[in-house]
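Here is the structure we will look at, set down as structure tokens.
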There are 2 protein chains.
Amino acid sequence: MSIEQSILAILSFWPSTGYDINSEVEHKAAGLYWGMSYGSIYPKLKKLEEEGFIYPIEQEEKGRKKKLYELTPKGWEEFENWLRLPPAYPKVKDELLMKMSTWHEDIESSILIGHLLKRKETTEDLLEFVKGWPTNGISYISNFGMLSIRYAEIRLEAELKWIEESINALEKNQLPKGQDPNKNTEKLLARRREAIQDEKGK
Amino acid sequence: MSIEQSILAILSFWPSTGYDINSEVEHKAAGLYWGMSYGSIYPKLKKLEEEGFIYPIEQEEKGRKKKLYELTPKGWEEFENWLRLPPAYPKVKDELLMKMSTWHEDIESSILIGHLLKRKETTEDLLEFVKGWPTNGISYISNFGMLSIRYAEIRLEAELKWIEESINALEKNQLPKGQDPNKNTEKLLARRREAIQDEKGK
DNA sequence: TATCTCATGTAAGAGGTTACATGATTCG
DNA sequence: CGAATCATGTAACCTCTTACATGAGATA
């Protein structure tokens with residue numbers, strides 16, 4: 001619901017091409033909080049231009065053809081109105097957590113540990129990036145932007161801590177005790193075994 | 001890409017109706033990591049039944065008509081294959097962070113503080129829920145599930161810490177220093193003022 | 001008796017991704 | 001000169017949400 005506003009936000013930094021915008025969310029800091037792909041970007045740029053929020057800056061021929069877009073006054077206004085609107089609480093879709101929540105004893109926990117190790121790697125890479133970014137000497141980060149960089153840092157560090165904890169618990173077979181007043185784990189395993197028996201009995 | 005698997009996962013706990021599944025992601029722990037709505041659930045249940053992953057358990061008439069779905073052997077297999085597949089790294093879309101990253105001095109920071117306060121409230125509510133859930137005496141949480149509950153806890157606590165920090169920095173006007181080797185903040189404010197001048201000059 | 005919760009379902013469409021097509025320029 | 005990067009764009013498709021329609025049973 002706000003790919004368009006995100007594009008305006010990115011253009012507020014400096015005039016950019018569609019390609020630049022993609023790079024921004026693919027390899028740069030904006031990608032920590034947002035995502036979009038070419039299939040969205042170019043059509044949206046067209047739409048935003050038609051609606052008068054942005055306009056293309058004509059390039060005085062450096063050979064390569066490209067379209068730099070800049071905000072119009074109306075575009076600035078729209079962007080800033082959006083800033084003022086209360087943001088929606090982020091909706092999480094985390095496959096690892098979903099899998100973990102529904103994991104059970106009859107699947108080897110080494111596989112779950114593998115999932116955690118893979119997650120750890122990516123999280124470490126991201127954390128390294130996030131820590132290096134504000135001191136790489138070239139990237140632009142405003143003082144406000146630093147607050148959000150700090151968010152990523154805190155969040156990723158917390159995640160790493162949790163990954164360590166979890167791997168440890170799984171390896172030592174010392175999982176925290178859940179809550180199971182209706183013997184659901186037992187029932188689940190029984191239903192599963194029955195299903196497997198039925199299958200074999202066919 | 002895995003609404004279907006999520007449904008199988010939820011059905012692995014116990015046979016459920018479409019309504020139950022919705023409640024699970026709306027008001028219960030699964031909602032911390034996943035979301036879906038009726039418009040997805042019922043068509044998917046139909047599809048999963050057609051494909052032989054689930055089947056409806058006939059109800060011996062408690063008056064109210066409802067369709068409880070249970071996993072078939074094939075459904076269990078599909079569910080567990082999914083568990084074994086490496087999960088995708090979660091894609092974040094966080095409007096607050098996006099706004100904060102592109103905030104600038106000429107918008108009153110009190111508004112940003114307002115956004116943070118609102119976020120804080122929801123995060124606190126979630127944290128309270130997450131802490132109470134495993135000890136409410138009725139809900140089912142497996143030992144594996146406890147690990148993911150712990151994740152939510154750590155993550156939400158880290159977020160609250162960051163919110164406090166950020167509000168404090170904003171109120172005292174002591175934001176961390178960013179990185180701006182090309183005077184971008186200056187240029188941005190200049191471009192903006194020019195645009196606003198142009199608008200007035202019309 | 002009215003409202004809330006339980007319960008199932010569909011239609012329309014917003015929103016987005018993937019994959020492809022195309023070509024210029026720069027770099028090793 | 002070949003590969004990587006810069007650059008624009010579209011078509012097909014999926015996925016999912018919103019909003020609506022409908023009604024029974026429970027509760028206050």
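Labels below follow one simple rule: chain letters A, B, ... track the order of the sequence lines, proteins then strands, and each chain is numbered from 1. Please read all numbers here as calculations on a predicted model, not as lab measurements.
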>> Please check if the number of heavy atoms outside A:Lys161 that lie under 6.0 Å from its NZ is greater than 12.
In response: no
>> Quick check on side-chain hydrogen bond (donor to acceptor under 3.5 Å, both in side chains): which of A:Asn182, A:Asn184, A:Asp180, A:Thr185 does B:Tyr140 satisfy it with?
In response: A:Thr185
Atom-pair distance ([atom1] on [X]; [atom2] on [N]), nearest Å:
X	N	atom1	atom2	value
B:Lys66	D:dA24	NZ	P	17 Å
A:Glu95	D:dT15	CD	P	13 Å
A:Glu26	C:dT18	CD	P	10 Å
A:Lys44	D:dG9	NZ	C1'	16 Å
A:Asp20	D:dA7	CG	C1'	10 Å
B:Leu45	D:dC16	CG	P	13 Å
B:Glu49	C:dT8	CD	P	13 Å
B:Leu68	C:dC6	CG	P	14 Å

> Among C:dT8, D:dC6, C:dT17, which is the nearest nucleotide to the side chain of A:Tyr19?
Replying inline: D:dC6
> Where the side chain of B:Lys67 is defined as all heavy atoms beyond and including C-beta, which of C:dG16, C:dT8, D:dT18 is the nearest nucleotide?
Replying inline: C:dT8
Check this one for me: any side-chain N or O of [X] less than 4.0 Å away from OP1 or OP2 of [N]?
X	N	answer
A:Ser40	C:dT17	yes
A:Lys65	C:dT25	no
B:Ser37	D:dC16	no
B:Thr17	C:dC6	no
A:Lys46	D:dT10	yes

> Any idea which heavy atoms bring B:Ser148 and B:Tyr33 closest together, and the distance?
Replying inline: O-OH, 2.5 Å
> Given that A:Tyr38 and B:Tyr42 both sit by DNA chain C, which one's nearest nucleotide is further toward the 5' end?
Replying inline: B:Tyr42
> Taking for each residue the nucleotide of DNA chain C with the nearest heavy atom, is it B:Gly39 or B:Lys93 whose nucleotide lies nearer the 5' end?
Replying inline: B:Gly39
> Is any side-chain heavy atom of B:Lys99 less than 4.5 Å from a side-chain heavy atom of A:Arg84?
Replying inline: no
> How about B:Ser6 and B:Glu4: do any of their side-chain heavy atoms sit closer than 4.5 Å?
Replying inline: no
